[in-house]
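Have a look at the structure below, then the notes.
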Amino acid sequence: MGLFKRNPFGHILFLKTWLIRIAAFVTHRRYKSFNQLKIEGSEIIRSLPDTNVMFISNHQTYFADVVAMFHVFNASLKGRENNINNVLYLWNPKLNMYYVAAKETMQEGLLPRILAYAGAITVERTWRAKGEDVKEKKEVNPNDTENIKIALEDGWVITFPQGTTRSFKPVRKGTAHIILQHRPIVVPIVIDGFRRSFDRKGLRIKKKGILQSFVIKEPLKIDYDNATVDEVVEMIEYAIEQHPSFLKVIPTEILDEQAKLDKERMWKY
């Protein structure tokens, strides 16, 4: 790697590598010691091509979710089987990995700006501003969608299609439009336990001893020639387990199983 080689967004790869390395060593214990990260599906990561892959996920904190993804993806690529043992898997990280984040979030302080350099594609949210939903939505900035296209052509893109950390909010149609337009391989991820482990931003540990889960699912089978935006939106909602039907009555056996998991997630004094 040349010392001043840059990615398509002008970021110096040598500097990005060191930012990821430092962040990896600082954050590893959040998922491996203070809390435990249960991973499923790491073999799927190793089967993916190097470019034009989009990961879709539910969202629980601003930063802890995506940091966990950097850990899991790189560990999987280095041969770890559903674990993030030995953080040296991030010594030579995958550098063509990006994540979609709200521009206002990534401009709130020095640390978010540093994290943005590690791979953020910042977008202007049309439906929300300063933590509040807006009545009059803004026009989509064409530069935002163009940047996502550039990132897909260069590598992998992580996106949170609900655009919020609140559960069971609607999936934004913009994600479906991008999927139908650029036809990436779409890999769903379902996470849990992060909201209980961290504060809303995902920078401060709120509670220790939490069992966090990270499930990587098989890529979606999308009929790119015939699927509609609404059909893709519904497919995404089911894939990341955020469809309204998941709020309906849950069978007793599932509730019992959830109760067992809750006990495992409790902090043991």
Side-chain angles (χ1 to χ4, degrees), residues 20 23-48 53-87 89-90 93-94 97-101 115 118-119 156-162 164-168 185-203 205-220 236-242 246 254 257-258 260-267:
I20 293 174
F25 282 100
V26 170
T27 61
H28 186 250
R29 293 183 67 193
R30 293 174 170 228
Y31 309 102
K32 186 61 183 172
S33 179
F34 298 136
N35 297 294
Q36 290 298 317
L37 186 63
K38 181 180 179 183
I39 306 164
E40 296 179 27
S42 63
E43 70 282 356
I44 294 171
I45 299 299
R46 292 190 290 274
S47 70
L48 298 172
V53 176
M54 176 178 283
F55 296 91
I56 55 172
S57 176
N58 61 314
H59 202 18
Q60 295 195 337
T61 72
Y62 291 171
F63 300 113
D65 307 0
V66 75
V67 171
M69 291 178 186
F70 270 72
H71 277 287
V72 172
F73 295 169
N74 280 282
S76 299
L77 291 172
K78 296 298 191 299
R80 307 296 194 277
E81 197 64 43
N82 291 330
N83 69 73
I84 55 170
N85 295 340
N86 188 349
V87 73
Y89 54 73
L90 266 167
K94 181 176 174 64
M97 189 154 61
Y98 306 93
Y99 61 98
V100 179
L115 292 173
W156 294 358
V157 173
I158 300 163
T159 188
F160 302 97
Q162 292 168 286
T164 177
T165 57
R166 292 183 292 176
S167 300
F168 296 102
I185 295 173
V186 181
V187 181
I189 294 173
V190 178
I191 63 171
D192 195 20
F194 290 77
R195 186 178 287 111
R196 296 186 63 203
S197 306
F198 306 101
D199 65 351
R200 188 174 183 183
K201 288 188 176 182
L203 298 175
I205 297 174
K206 185 171 66 175
K207 195 171 185 180
K208 298 179 181 179
I210 303 297
L211 177 63
Q212 304 159 340
S213 61
F214 192 108
V215 180
I216 305 159
K217 297 185 175 182
E218 293 286 347
L220 297 182
I236 293 170
E237 288 177 336
Y238 277 111
I240 63 174
E241 300 181 9
Q242 293 293 298
F246 283 87
I254 294 180
E257 182 64 26
Q258 186 63 49
K260 292 179 183 178
L261 287 174
D262 287 342
K263 287 184 178 179
E264 289 186 53
R265 293 188 176 110
M266 289 176 62
W267 167 244

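We're numbering straight along the sequence, starting at 1. All figures in this text were calculated on a predicted structure; none of them were measured in a lab.
- Q242 places a side-chain N or O within 3.5 Å of a backbone atom of F168 that can act as its donor or acceptor partner.
- By the side chain to side chain contact (heavy atoms under 4.5 Å, CB included) test, T61 pairs with A64, D65, F194, F198, sequence neighbours left out.
- To the nearest 0.5 Å, atoms CZ (R200) and CZ (R195) are separated by 9.0 Å.
- Shown here are the side chain to side chain contact (heavy atoms under 4.5 Å, CB included) partners of E81, two or more places apart in sequence or in another chain: S42, E43, R46.
- By the 4.5 Å heavy-atom criterion applied to side chains, I158 and F73 are counted as neighbours.
- Under the salt bridge (Lys or Arg N to Asp or Glu O under 4.0 Å) criterion, K78 pairs with no residue at all, not counting sequence neighbours.
- Of all non-hydrogen atoms in F70 and M97, the two that sit nearest each other are CD2-CE, 3.6 Å.
- Considering all non-hydrogen atoms of both residues, N86 and R80 come closest at O-NH2, 3.1 Å.
- Contact detail for G193 and I210: the closest heavy-atom pair is O-CG2, 3.6 Å.
- Judged by distance alone, the side chain of R30 and the main-chain N or O of L203 form a donor-acceptor pair under 3.5 Å.
- The distance from atom CD1 of I205 to atom CZ of R29, rounded to the nearest 0.5 Å, is 8.5 Å.
- Judged as a side chain to side chain contact (heavy atoms under 4.5 Å, CB included), and not counting sequence neighbours, the contacts of S57 are M69, F160, I189, I191.
- Residue S47 holds its OG atom at 8.0 Å from CD1 of I185, rounded to the nearest 0.5 Å.
- Of the possible donor and acceptor atoms, one in the side chain of N35 sits under 3.5 Å from a partner among the backbone N and O of G209.
- With sequence neighbours excluded, the residues forming a salt bridge (Lys or Arg N to Asp or Glu O under 4.0 Å) with E241 are K217, listed by chain and number.
- In terms of modelled atom types and a separation under 3.5 Å, the side chain of N82 and the main chain of G41 share a donor-acceptor contact.
- Side-chain contact check for L37 versus V72: some heavy-atom pair is nearer than 4.5 Å.
- H59 NE2 to Q162 CD: the interatomic distance, rounded to the nearest 0.5 Å, is 9.5 Å.
- Residues passing the side chain to side chain donor-acceptor pair (under 3.5 Å) test with N58, sequence neighbours excluded: none.
- Not a single side chain to side chain donor-acceptor pair (under 3.5 Å) links D199 to another residue, sequence neighbours left out.
- Residues P219 and V187 form a side-chain contact, since some pair of their non-hydrogen atoms from C-beta on lies under 4.5 Å apart.
- Residues passing the salt bridge (Lys or Arg N to Asp or Glu O under 4.0 Å) test with K201 are E108, sequence neighbours excluded.
- With sequence neighbours left out, the side chain to side chain donor-acceptor pair (under 3.5 Å) criterion links S76 to no other residue.
- Every residue two or more places apart in sequence or in another chain that forms a side chain to side chain donor-acceptor pair (under 3.5 Å) with N83 is listed here: N85.
- Rounding to the nearest 0.5 Å places NZ of K94 at 8.5 Å from CG of N74.
- Every residue meeting the side chain to side chain contact (heavy atoms under 4.5 Å, CB included) condition with H71, not counting sequence neighbours, appears here in chain and number order: A24, T27, H28, Y31, V67, I84, V87, Y89, L90.
- A search for ring pair (Phe, Tyr, Trp, His ring centres under 6.0 Å) contacts involving Y98 returns F9, not counting sequence neighbours.
- To the nearest 0.5 Å, atoms CD (Q212) and NZ (K38) are separated by 13.0 Å.
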